[in-house]
Protein chains: 2
Amino acid sequence: MTEPAPPRAERRRRTEQRVLDAARELFAERGFERTTIRAVAASAEVDPALVMQYFGNKRRLFAEAVRVAGPAGSAGSPEEAVEQLLATLGVKMRLPPASLAMLRSMLTHPEAAATARETLGRQVAQVGASLPGEDAPLRAALMTTILLGVTVGHQLLELDELREASPDALAAALRPALRALADPGA
Amino acid sequence: MTEPAPPRAERRRRTEQRVLDAARELFAERGFERTTIRAVAASAEVDPALVMQYFGNKRRLFAEAVRVAGPAGSAGSPEEAVEQLLATLGVKMRLPPASLAMLRSMLTHPEAAATARETLGRQVAQVGASLPGEDAPLRAALMTTILLGVTVGHQLLELDELREASPDALAAALRPALRALADPGA
DNA sequence: TCGTTGAGTCAACGCCTGTTGAGCGAAATG
DNA sequence: CATTTCGCTCAACAGGCGTTGACTCAACGA
(Lines give C-alpha, C1' and ligand atoms only; values in the text may rest on other atoms or scores of the structure.)
Protein backbone atom coordinates (compact mmCIF):
# COMPACT_ATOMS: atom_id res chain seq x y z
CA MET A 1 0.00 0.00 0.00
CA THR A 2 0.98 3.63 -0.31
CA GLU A 3 1.34 6.07 2.54
CA PRO A 4 -1.76 6.75 4.63
CA ALA A 5 -2.95 9.83 2.73
CA PRO A 6 -1.63 13.02 4.34
CA PRO A 7 -4.14 15.31 6.02
CA ARG A 8 -5.65 18.19 4.11
CA ALA A 9 -3.48 20.98 5.54
CA GLU A 10 -0.32 19.06 4.78
CA ARG A 11 -1.39 18.28 1.24
CA ARG A 12 -2.16 21.91 0.67
CA ARG A 13 1.27 23.02 1.84
CA ARG A 14 2.99 20.47 -0.37
CA THR A 15 1.05 21.52 -3.44
CA GLU A 16 1.86 25.16 -2.89
CA GLN A 17 5.51 24.26 -2.49
CA ARG A 18 5.45 22.26 -5.71
CA VAL A 19 4.00 25.26 -7.55
CA LEU A 20 6.59 27.58 -6.06
CA ASP A 21 9.45 25.27 -7.01
CA ALA A 22 8.18 24.95 -10.56
CA ALA A 23 7.81 28.72 -10.81
CA ARG A 24 11.35 29.32 -9.57
CA GLU A 25 12.80 26.89 -12.06
CA LEU A 26 10.92 28.33 -15.02
CA PHE A 27 11.54 31.95 -14.04
CA ALA A 28 15.24 31.14 -13.69
CA GLU A 29 15.31 29.46 -17.07
CA ARG A 30 13.21 31.79 -19.21
CA GLY A 31 12.65 34.97 -17.23
CA PHE A 32 9.43 36.64 -16.19
CA GLU A 33 7.88 37.43 -19.55
CA ARG A 34 8.44 34.09 -21.23
CA THR A 35 7.21 32.12 -18.25
CA THR A 36 3.46 31.55 -18.37
CA ILE A 37 1.16 30.69 -15.50
CA ARG A 38 -0.02 27.79 -17.61
CA ALA A 39 3.51 26.42 -17.94
CA VAL A 40 4.12 26.71 -14.20
CA ALA A 41 0.84 24.94 -13.50
CA ALA A 42 1.61 22.18 -15.98
CA SER A 43 5.07 21.67 -14.51
CA ALA A 44 3.54 21.41 -11.02
CA GLU A 45 0.77 19.16 -12.39
CA VAL A 46 -1.95 21.49 -11.27
CA ASP A 47 -4.66 23.66 -12.79
CA PRO A 48 -3.64 27.22 -13.74
CA ALA A 49 -6.52 28.60 -11.71
CA LEU A 50 -5.00 27.10 -8.59
CA VAL A 51 -1.83 29.11 -9.07
CA MET A 52 -3.93 32.25 -9.13
CA GLN A 53 -5.82 31.16 -6.05
CA TYR A 54 -2.58 30.72 -4.14
CA PHE A 55 -0.63 33.76 -5.28
CA GLY A 56 -3.23 36.20 -6.58
CA ASN A 57 -1.44 37.17 -9.76
CA LYS A 58 1.71 36.56 -11.76
CA ARG A 59 3.69 39.43 -10.26
CA ARG A 60 3.08 38.19 -6.74
CA LEU A 61 4.04 34.67 -7.75
CA PHE A 62 7.32 36.03 -9.08
CA ALA A 63 7.94 38.12 -5.99
CA GLU A 64 7.38 35.07 -3.81
CA ALA A 65 9.60 32.93 -6.03
CA VAL A 66 12.59 35.27 -5.88
CA ARG A 67 12.37 35.92 -2.14
CA VAL A 68 15.60 34.68 -0.64
CA ALA A 69 17.16 34.88 2.79
CA GLY A 70 19.88 37.51 2.71
CA PRO A 71 23.07 35.95 4.07
CA ALA A 72 24.06 37.54 7.34
CA GLY A 73 27.51 38.94 6.58
CA SER A 74 29.82 40.71 8.97
CA ALA A 75 31.98 43.60 7.87
CA GLY A 76 35.64 42.96 8.66
CA SER A 77 38.97 43.67 7.05
CA PRO A 78 39.28 44.34 3.31
CA GLU A 79 40.78 40.87 2.90
CA GLU A 80 37.75 39.36 4.57
CA ALA A 81 35.46 41.32 2.29
CA VAL A 82 37.28 39.91 -0.74
CA GLU A 83 37.06 36.36 0.56
CA GLN A 84 33.41 36.84 1.40
CA LEU A 85 32.67 37.93 -2.15
CA LEU A 86 34.68 35.07 -3.61
CA ALA A 87 32.87 32.64 -1.34
CA THR A 88 29.62 33.95 -2.71
CA LEU A 89 30.92 33.07 -6.13
CA GLY A 90 32.01 29.66 -4.93
CA VAL A 91 28.51 29.05 -3.71
CA LYS A 92 27.27 30.39 -6.99
CA MET A 93 28.45 27.34 -8.84
CA ARG A 94 25.13 26.08 -7.52
CA LEU A 95 23.32 29.36 -7.21
CA PRO A 96 19.84 28.90 -5.73
CA PRO A 97 17.05 29.02 -8.33
CA ALA A 98 15.48 31.97 -6.55
CA SER A 99 18.59 34.08 -7.14
CA LEU A 100 18.93 32.88 -10.71
CA ALA A 101 15.32 33.85 -11.33
CA MET A 102 15.96 37.33 -10.04
CA LEU A 103 19.14 37.74 -12.06
CA ARG A 104 17.55 36.40 -15.24
CA SER A 105 14.78 38.99 -15.17
CA MET A 106 16.58 41.96 -13.66
CA LEU A 107 17.16 43.69 -17.00
CA THR A 108 13.64 43.37 -18.37
CA HIS A 109 11.21 43.09 -15.47
CA PRO A 110 10.98 46.36 -13.50
CA GLU A 111 10.22 44.70 -10.17
CA ALA A 112 13.11 42.30 -10.58
CA ALA A 113 15.31 45.29 -11.34
CA ALA A 114 14.19 46.96 -8.12
CA THR A 115 14.95 43.82 -6.14
CA ALA A 116 18.34 43.55 -7.78
CA ARG A 117 19.19 47.17 -7.01
CA GLU A 118 18.19 46.66 -3.41
CA THR A 119 20.16 43.43 -3.00
CA LEU A 120 23.24 44.80 -4.72
CA GLY A 121 22.94 48.07 -2.82
CA ARG A 122 23.04 46.23 0.48
CA GLN A 123 26.10 44.28 -0.61
CA VAL A 124 27.83 47.46 -1.75
CA ALA A 125 27.15 49.13 1.59
CA GLN A 126 28.41 46.13 3.50
CA VAL A 127 31.59 45.75 1.47
CA GLY A 128 32.14 49.50 1.41
CA ALA A 129 32.05 49.68 5.19
CA SER A 130 35.10 47.47 5.43
CA LEU A 131 37.20 49.29 2.83
CA PRO A 132 39.67 52.14 3.50
CA GLY A 133 39.85 55.32 1.46
CA GLU A 134 37.34 58.02 0.68
CA ASP A 135 36.21 56.47 -2.58
CA ALA A 136 35.35 53.25 -0.75
CA PRO A 137 31.72 53.30 -1.96
CA LEU A 138 32.81 53.46 -5.59
CA ARG A 139 35.35 50.67 -5.17
CA ALA A 140 32.83 48.56 -3.26
CA ALA A 141 30.33 49.08 -6.07
CA LEU A 142 32.93 48.00 -8.60
CA MET A 143 33.78 44.89 -6.61
CA THR A 144 30.11 44.00 -6.41
CA THR A 145 29.39 44.59 -10.09
CA ILE A 146 32.48 42.62 -10.98
CA LEU A 147 31.00 39.62 -9.25
CA LEU A 148 27.72 40.36 -10.92
CA GLY A 149 29.38 40.31 -14.33
CA VAL A 150 31.26 37.10 -13.68
CA THR A 151 28.11 35.44 -12.36
CA VAL A 152 26.07 36.59 -15.33
CA GLY A 153 28.73 35.46 -17.77
CA HIS A 154 29.10 32.12 -16.05
CA GLN A 155 25.58 31.18 -14.96
CA LEU A 156 23.33 32.92 -17.45
CA LEU A 157 25.32 33.46 -20.62
CA GLU A 158 27.32 30.31 -19.99
CA LEU A 159 30.53 31.53 -21.59
CA ASP A 160 32.78 28.63 -22.45
CA GLU A 161 35.93 30.06 -20.94
CA LEU A 162 34.25 30.40 -17.56
CA ARG A 163 32.36 27.10 -17.74
CA GLU A 164 35.58 25.21 -18.31
CA ALA A 165 37.32 26.60 -15.25
CA SER A 166 36.92 25.01 -11.83
CA PRO A 167 35.42 27.14 -9.06
CA ASP A 168 38.79 27.25 -7.33
CA ALA A 169 40.67 28.32 -10.44
CA LEU A 170 38.10 30.98 -11.03
CA ALA A 171 38.37 32.33 -7.51
CA ALA A 172 42.14 32.21 -7.63
CA ALA A 173 42.27 34.16 -10.88
CA LEU A 174 39.82 36.73 -9.65
CA ARG A 175 41.35 37.28 -6.20
CA PRO A 176 44.17 39.65 -7.22
CA ALA A 177 41.72 41.87 -9.11
CA LEU A 178 39.44 42.19 -6.12
CA ARG A 179 42.37 42.81 -3.78
CA ALA A 180 43.56 45.62 -5.99
CA LEU A 181 40.19 47.25 -5.49
CA ALA A 182 39.86 46.41 -1.82
CA ASP A 183 43.07 48.09 -0.81
CA PRO A 184 44.67 50.20 -3.54
CA GLY A 185 47.45 51.26 -1.20
CA ALA A 186 48.85 47.76 -0.79
CA MET B 1 7.53 77.38 -48.30
CA THR B 2 8.81 74.04 -47.03
CA GLU B 3 11.46 71.99 -48.72
CA PRO B 4 10.75 70.77 -52.23
CA ALA B 5 9.29 67.38 -51.26
CA PRO B 6 12.00 64.69 -51.38
CA PRO B 7 11.74 62.01 -54.06
CA ARG B 8 10.02 58.73 -53.31
CA ALA B 9 13.14 56.60 -52.81
CA GLU B 10 14.58 59.11 -50.39
CA ARG B 11 11.36 59.31 -48.41
CA ARG B 12 11.27 55.55 -48.17
CA ARG B 13 14.80 55.38 -46.78
CA ARG B 14 14.07 58.04 -44.20
CA THR B 15 10.94 56.29 -43.00
CA GLU B 16 12.75 52.99 -42.62
CA GLN B 17 15.49 54.72 -40.67
CA ARG B 18 12.90 56.34 -38.39
CA VAL B 19 11.38 52.95 -37.67
CA LEU B 20 14.77 51.44 -36.98
CA ASP B 21 15.72 54.25 -34.61
CA ALA B 22 12.44 53.96 -32.73
CA ALA B 23 12.91 50.19 -32.47
CA ARG B 24 16.44 50.55 -31.13
CA GLU B 25 15.34 53.01 -28.48
CA LEU B 26 12.41 50.91 -27.30
CA PHE B 27 14.35 47.65 -27.36
CA ALA B 28 17.11 49.31 -25.32
CA GLU B 29 14.60 50.66 -22.84
CA ARG B 30 12.25 47.73 -22.34
CA GLY B 31 13.84 44.70 -23.94
CA PHE B 32 12.54 42.41 -26.66
CA GLU B 33 9.44 40.99 -25.02
CA ARG B 34 7.99 44.21 -23.65
CA THR B 35 8.53 46.09 -26.88
CA THR B 36 5.56 45.76 -29.24
CA ILE B 37 5.50 46.32 -32.96
CA ARG B 38 2.62 48.67 -32.32
CA ALA B 39 4.68 50.77 -29.93
CA VAL B 40 7.57 50.98 -32.39
CA ALA B 41 5.20 51.99 -35.15
CA ALA B 42 3.53 54.62 -32.98
CA SER B 43 6.90 56.05 -31.96
CA ALA B 44 7.93 56.26 -35.61
CA GLU B 45 4.48 57.68 -36.50
CA VAL B 46 3.79 54.89 -38.91
CA ASP B 47 1.33 52.03 -39.32
CA PRO B 48 2.29 48.72 -37.63
CA ALA B 49 1.83 46.90 -40.93
CA LEU B 50 4.57 48.98 -42.45
CA VAL B 51 7.06 47.73 -39.90
CA MET B 52 6.22 44.19 -40.93
CA GLN B 53 6.55 45.09 -44.59
CA TYR B 54 10.03 46.46 -44.02
CA PHE B 55 11.45 43.84 -41.67
CA GLY B 56 9.28 40.76 -42.13
CA ASN B 57 8.80 39.94 -38.48
CA LYS B 58 9.69 41.09 -34.99
CA ARG B 59 12.77 38.90 -34.64
CA ARG B 60 14.28 40.27 -37.82
CA LEU B 61 13.50 43.81 -36.73
CA PHE B 62 15.37 43.15 -33.51
CA ALA B 63 18.30 41.54 -35.30
CA GLU B 64 18.56 44.56 -37.57
CA ALA B 65 18.27 46.95 -34.63
CA VAL B 66 21.11 45.38 -32.66
CA ARG B 67 23.48 45.06 -35.60
CA VAL B 68 26.52 47.15 -34.80
CA ALA B 69 29.89 47.60 -36.43
CA GLY B 70 32.45 45.65 -34.42
CA PRO B 71 35.33 47.99 -33.53
CA ALA B 72 38.49 46.94 -35.27
CA GLY B 73 40.88 46.32 -32.39
CA SER B 74 44.50 45.32 -32.57
CA ALA B 75 46.06 42.94 -30.10
CA GLY B 76 49.10 44.46 -28.43
CA SER B 77 50.67 44.44 -25.01
CA PRO B 78 48.68 43.55 -21.90
CA GLU B 79 48.71 47.22 -20.91
CA GLU B 80 47.21 48.13 -24.26
CA ALA B 81 44.52 45.50 -23.80
CA VAL B 82 43.61 47.04 -20.45
CA GLU B 83 43.44 50.53 -21.89
CA GLN B 84 41.42 49.30 -24.82
CA LEU B 85 38.86 47.76 -22.48
CA LEU B 86 38.75 50.86 -20.33
CA ALA B 87 38.29 53.00 -23.41
CA THR B 88 35.32 50.86 -24.35
CA LEU B 89 33.90 51.72 -20.96
CA GLY B 90 34.69 55.36 -21.48
CA VAL B 91 32.73 55.24 -24.69
CA LYS B 92 30.05 53.38 -22.83
CA MET B 93 29.04 56.46 -20.91
CA ARG B 94 27.13 57.02 -24.13
CA LEU B 95 26.76 53.47 -25.26
CA PRO B 96 25.03 53.25 -28.66
CA PRO B 97 21.36 52.27 -28.45
CA ALA B 98 22.02 49.20 -30.57
CA SER B 99 24.42 47.82 -27.96
CA LEU B 100 22.11 48.74 -25.12
CA ALA B 101 19.29 46.93 -26.87
CA MET B 102 21.40 43.81 -27.16
CA LEU B 103 22.54 43.96 -23.54
CA ARG B 104 19.04 44.62 -22.24
CA SER B 105 17.64 41.49 -23.84
CA MET B 106 20.61 39.15 -23.60
CA LEU B 107 19.31 37.32 -20.52
CA THR B 108 15.79 36.69 -21.75
CA HIS B 109 15.80 36.65 -25.54
CA PRO B 110 17.64 33.60 -26.92
CA GLU B 111 18.83 35.32 -30.09
CA ALA B 112 20.13 38.29 -28.12
CA ALA B 113 21.95 35.82 -25.89
CA ALA B 114 23.55 34.23 -28.92
CA THR B 115 24.65 37.61 -30.23
CA ALA B 116 26.04 38.53 -26.82
CA ARG B 117 27.98 35.27 -26.56
CA GLU B 118 29.42 35.84 -30.00
CA THR B 119 30.40 39.45 -29.34
CA LEU B 120 31.89 38.69 -25.94
CA GLY B 121 33.62 35.62 -27.30
CA ARG B 122 35.38 37.72 -29.92
CA GLN B 123 36.47 40.21 -27.31
CA VAL B 124 37.75 37.44 -25.05
CA ALA B 125 39.77 35.94 -27.89
CA GLN B 126 41.21 39.30 -28.81
CA VAL B 127 42.17 40.23 -25.26
CA GLY B 128 43.40 36.71 -24.53
CA ALA B 129 45.78 36.85 -27.48
CA SER B 130 47.67 39.71 -25.90
CA LEU B 131 48.00 38.22 -22.42
CA PRO B 132 50.90 36.08 -21.13
CA GLY B 133 50.47 32.85 -19.19
CA GLU B 134 48.73 29.60 -19.97
CA ASP B 135 45.46 30.56 -18.31
CA ALA B 136 45.24 33.64 -20.53
CA PRO B 137 41.81 32.66 -21.93
CA LEU B 138 40.34 32.44 -18.44
CA ARG B 139 41.82 35.75 -17.37
CA ALA B 140 40.69 37.39 -20.60
CA ALA B 141 37.19 36.07 -20.01
CA LEU B 142 37.24 37.51 -16.51
CA MET B 143 38.41 40.90 -17.76
CA THR B 144 35.63 40.92 -20.33
CA THR B 145 32.91 39.86 -17.92
CA ILE B 146 34.16 42.42 -15.43
CA LEU B 147 33.47 45.13 -17.95
CA LEU B 148 30.16 43.50 -18.72
CA GLY B 149 29.21 43.65 -15.05
CA VAL B 150 30.25 47.25 -14.61
CA THR B 151 28.39 48.24 -17.77
CA VAL B 152 25.26 46.41 -16.72
CA GLY B 153 25.39 47.91 -13.25
CA HIS B 154 25.99 51.37 -14.62
CA GLN B 155 23.89 51.57 -17.77
CA LEU B 156 21.05 49.13 -17.16
CA LEU B 157 20.60 48.80 -13.42
CA GLU B 158 21.74 52.37 -12.88
CA LEU B 159 23.37 51.79 -9.53
CA ASP B 160 23.81 55.07 -7.66
CA GLU B 161 27.43 54.55 -6.68
CA LEU B 162 28.42 54.12 -10.33
CA ARG B 163 26.15 56.85 -11.66
CA GLU B 164 27.71 59.37 -9.35
CA ALA B 165 31.26 58.70 -10.46
CA SER B 166 32.80 60.43 -13.46
CA PRO B 167 33.95 58.26 -16.35
CA ASP B 168 37.56 59.08 -15.51
CA ALA B 169 37.21 58.23 -11.83
CA LEU B 170 35.56 54.99 -12.80
CA ALA B 171 38.31 54.04 -15.22
CA ALA B 172 40.98 55.03 -12.70
CA ALA B 173 39.46 52.90 -9.98
CA LEU B 174 39.04 49.92 -12.27
CA ARG B 175 42.47 50.04 -13.90
CA PRO B 176 44.45 48.31 -11.11
CA ALA B 177 41.97 45.45 -11.02
CA LEU B 178 42.28 44.85 -14.76
CA ARG B 179 46.06 45.13 -14.63
CA ALA B 180 46.15 42.49 -11.90
CA LEU B 181 44.40 40.16 -14.33
CA ALA B 182 46.30 41.22 -17.42
CA ASP B 183 49.69 40.43 -15.99
CA PRO B 184 49.61 38.52 -12.71
CA GLY B 185 53.39 38.30 -12.62
CA ALA B 186 53.86 42.06 -12.33
C1' DT C 1 -24.49 10.34 9.73
C1' DC C 2 -24.99 14.64 7.79
C1' DG C 3 -24.00 19.26 6.77
C1' DT C 4 -19.90 22.15 6.08
C1' DT C 5 -15.52 23.36 4.58
C1' DG C 6 -12.02 24.03 1.35
C1' DA C 7 -8.57 22.05 -2.07
C1' DG C 8 -8.66 21.58 -6.71
C1' DT C 9 -10.84 21.67 -11.60
C1' DC C 10 -13.41 23.37 -15.69
C1' DA C 11 -14.75 26.38 -19.07
C1' DA C 12 -14.81 30.67 -20.43
C1' DC C 13 -13.96 35.84 -20.73
C1' DG C 14 -11.59 39.96 -22.50
C1' DC C 15 -7.40 41.71 -23.94
C1' DC C 16 -3.29 42.24 -26.39
C1' DT C 17 -0.11 40.34 -29.47
C1' DG C 18 2.21 39.40 -34.09
C1' DT C 19 0.81 39.08 -38.53
C1' DT C 20 -1.86 39.42 -43.11
C1' DG C 21 -4.23 40.87 -47.44
C1' DA C 22 -6.93 44.17 -49.67
C1' DG C 23 -7.07 48.73 -50.83
C1' DC C 24 -5.94 54.00 -51.33
C1' DG C 25 -3.67 57.81 -53.30
C1' DA C 26 0.26 60.32 -54.70
C1' DA C 27 4.47 60.03 -57.27
C1' DA C 28 6.75 58.11 -61.30
C1' DT C 29 6.65 56.86 -66.22
C1' DG C 30 5.39 57.03 -71.19
C1' DC D 1 -3.07 62.98 -69.97
C1' DA D 2 -3.34 57.94 -69.03
C1' DT D 3 -1.27 54.27 -66.76
C1' DT D 4 1.60 51.97 -63.72
C1' DT D 5 4.17 51.76 -59.59
C1' DC D 6 4.63 51.51 -54.81
C1' DG D 7 4.80 53.70 -50.08
C1' DC D 8 1.58 53.44 -46.85
C1' DT D 9 -2.85 52.58 -44.24
C1' DC D 10 -7.03 50.07 -42.75
C1' DA D 11 -9.46 46.48 -40.85
C1' DA D 12 -9.34 42.15 -39.41
C1' DC D 13 -7.71 37.42 -37.99
C1' DA D 14 -5.95 33.67 -35.06
C1' DG D 15 -3.64 32.50 -31.06
C1' DG D 16 -1.97 32.94 -26.50
C1' DC D 17 -2.12 35.36 -22.34
C1' DG D 18 -3.64 36.50 -17.32
C1' DT D 19 -7.53 36.11 -14.86
C1' DT D 20 -12.36 34.80 -13.10
C1' DG D 21 -16.56 32.49 -11.22
C1' DA D 22 -19.13 28.47 -10.91
C1' DC D 23 -18.62 23.92 -9.89
C1' DT D 24 -16.95 18.97 -7.92
C1' DC D 25 -15.89 16.08 -4.42
C1' DA D 26 -13.20 14.26 -0.70
C1' DA D 27 -11.83 15.40 4.04
C1' DC D 28 -13.46 17.26 8.21
C1' DG D 29 -16.28 18.50 12.63
C1' DA D 30 -20.42 17.88 15.46
Side-chain angles (χ1 to χ4, degrees), chain A residues 1-23 26-27 29-66 101 105 108-112, chain B residues 1-23 26-27 29-66 101 105 108-112:
Chain A
M1 307 293 181
T2 58
E3 320 232 337
R8 194 137 79 168
E10 170 84 11
R11 245 189 98 71
R12 149 85 207 229
R13 248 176 289 124
R14 286 190 196 173
T15 307
E16 183 168 334
Q17 192 59 46
R18 219 170 55 235
V19 171
L20 207 52
D21 288 345
L26 288 176
F27 281 138
E29 217 171 273
R30 315 179 189 173
F32 181 83
E33 309 288 346
R34 299 176 80 91
T35 298
T36 67
I37 297 280
R38 282 167 164 85
V40 171
S43 169
E45 293 179 307
V46 145
D47 192 274
L50 190 63
V51 179
M52 304 304 295
Q53 197 176 123
Y54 286 169
F55 299 96
N57 59 44
K58 190 183 174 184
R59 281 170 40 236
R60 281 218 286 274
L61 170 62
F62 180 82
E64 203 68 35
V66 302
S105 296
T108 42
H109 182 49
E111 302 188 24
Chain B
M1 306 291 184
T2 57
E3 321 230 334
R8 196 136 77 167
E10 169 84 11
R11 245 190 98 71
R12 149 85 206 228
R13 249 176 290 125
R14 287 193 196 172
T15 307
E16 181 168 336
Q17 191 60 45
R18 221 170 54 236
V19 170
L20 206 51
D21 288 345
L26 288 176
F27 280 138
E29 217 171 90
R30 314 179 190 175
F32 181 83
E33 310 287 348
R34 300 177 79 93
T35 298
T36 67
I37 298 279
R38 281 168 166 86
V40 170
S43 169
E45 293 178 309
V46 145
D47 192 274
L50 191 63
V51 179
M52 303 303 296
Q53 195 174 124
Y54 285 169
F55 300 95
N57 58 44
K58 190 182 173 184
R59 282 170 39 232
R60 281 218 285 276
L61 170 63
F62 180 83
E64 204 69 34
V66 302
S105 296
T108 42
H109 183 48
E111 302 187 22

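Atom set for the values below is all heavy atoms of this structure, side chains included, hydrogens, waters and symmetry mates excluded. Proteins get letters first, then strands, A, B, ... in listed order; numbering begins at 1 in each.
Atom C1' of nucleotide dG8(C) and atom CD of Gln17(A) are separated by 18 Å, given to the nearest angstrom. Taking atom CG of Leu50(B) as the reference point, atom C1' of dC6(D) lies 11 Å away to the nearest angstrom. The CZ-P distance, from Arg12(A) to dA7(C), rounds to 5 Å in whole Å. As rounded to whole Å, 12 Å separates atom P of dC8(D) from atom CZ of Arg13(B). One interatomic measurement links the two molecules: OH of Tyr54(A) to P of dT19(D), which rounds to 17 Å at whole-angstrom precision. A straight line from CZ of Arg11(B) to P of dC6(D) spans 17 Å, rounded to a whole angstrom. For the pair Phe55(A) CZ and dA7(C) P, the computed distance is 13 Å after rounding to whole Å. Atom CG of Leu26(A) is separated from atom P of dG18(D) by 12 Å (rounded to the nearest Å).
Between Glu64(B) and Arg60(B) there is no salt bridge, since no side-chain nitrogen of the basic residue lies less than 4.0 Å from a carboxylate oxygen of the acidic one. Remark: Arg12(B) engages Glu16(B) in a salt bridge, criterion side-chain N to carboxylate O under 4.0 Å.
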Checklist entry - What is the per-nucleotide protein-contact pattern of nucleotides 11-20 of chain C, from the 5' end, where B denotes a base atom under 4.0 Å from a protein heavy atom, S denotes such proximity for sugar-phosphate atoms only, and - denotes neither? => result -B----BBBB
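Interatomic distance, Asp21(A) CG to Arg14(A) CZ, rounded to the nearest 0.5 Å: 13.0 Å. For the atom pair Asn57(A) CG and Met52(A) CE, the distance stands at 6.0 Å (nearest 0.5 Å).
Using a distance-only test at 3.5 Å, with no hydrogens or angles considered, a donor-acceptor pair links the side chain of Thr15(A) to the main chain of Arg11(A).
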Write out a two-atom table: protein N or O, nucleotide N or O from nucleotides 28-30 of chain D, distance below 3.5 Å.
{"residue": "dC28(D)", "atom": "OP1", "partner": "Arg8(A)", "partner atom": "N", "Å": "3.2"}

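Between Phe27(A) and Phe32(A), the two ring planes are parallel [angle under 30°; tilted spans 30° to 60°].
Side-chain contact between Leu20(A) and Phe55(A) is present, with heavy atoms from C-beta onward closer than 4.5 Å. A 4.5 Å side-chain heavy-atom check between Arg34(A) and Glu29(A) finds every atom pair outside the cut-off.
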Checklist entry - Which dot-bracket string describes DNA chain D (Watson-Crick N1-N3 plus N6-O4 or O6-N4, or G-U N1-O2 and O6-N3, all under 3.5 Å; [ ] crossing; | other strand)? => result ||||||||||||||||||||||||||||||
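Crowding of Arg18(B) atom CZ: a count of heavy atoms from other residues, nucleotides or ligands under 6.0 Å exceeding 12. Heavy atoms from other residues, nucleotides or ligands lying under 6.0 Å from CD of Glu10(B) number more than 12.
Here the closest non-hydrogen pair linking Val40(A) and Ala22(A) is O-CB, 3.9 Å.
Distances shorter than 4.0 Å separate none of the side-chain N or O atoms of Thr15(A) from OP1 or OP2 on dA7(C).
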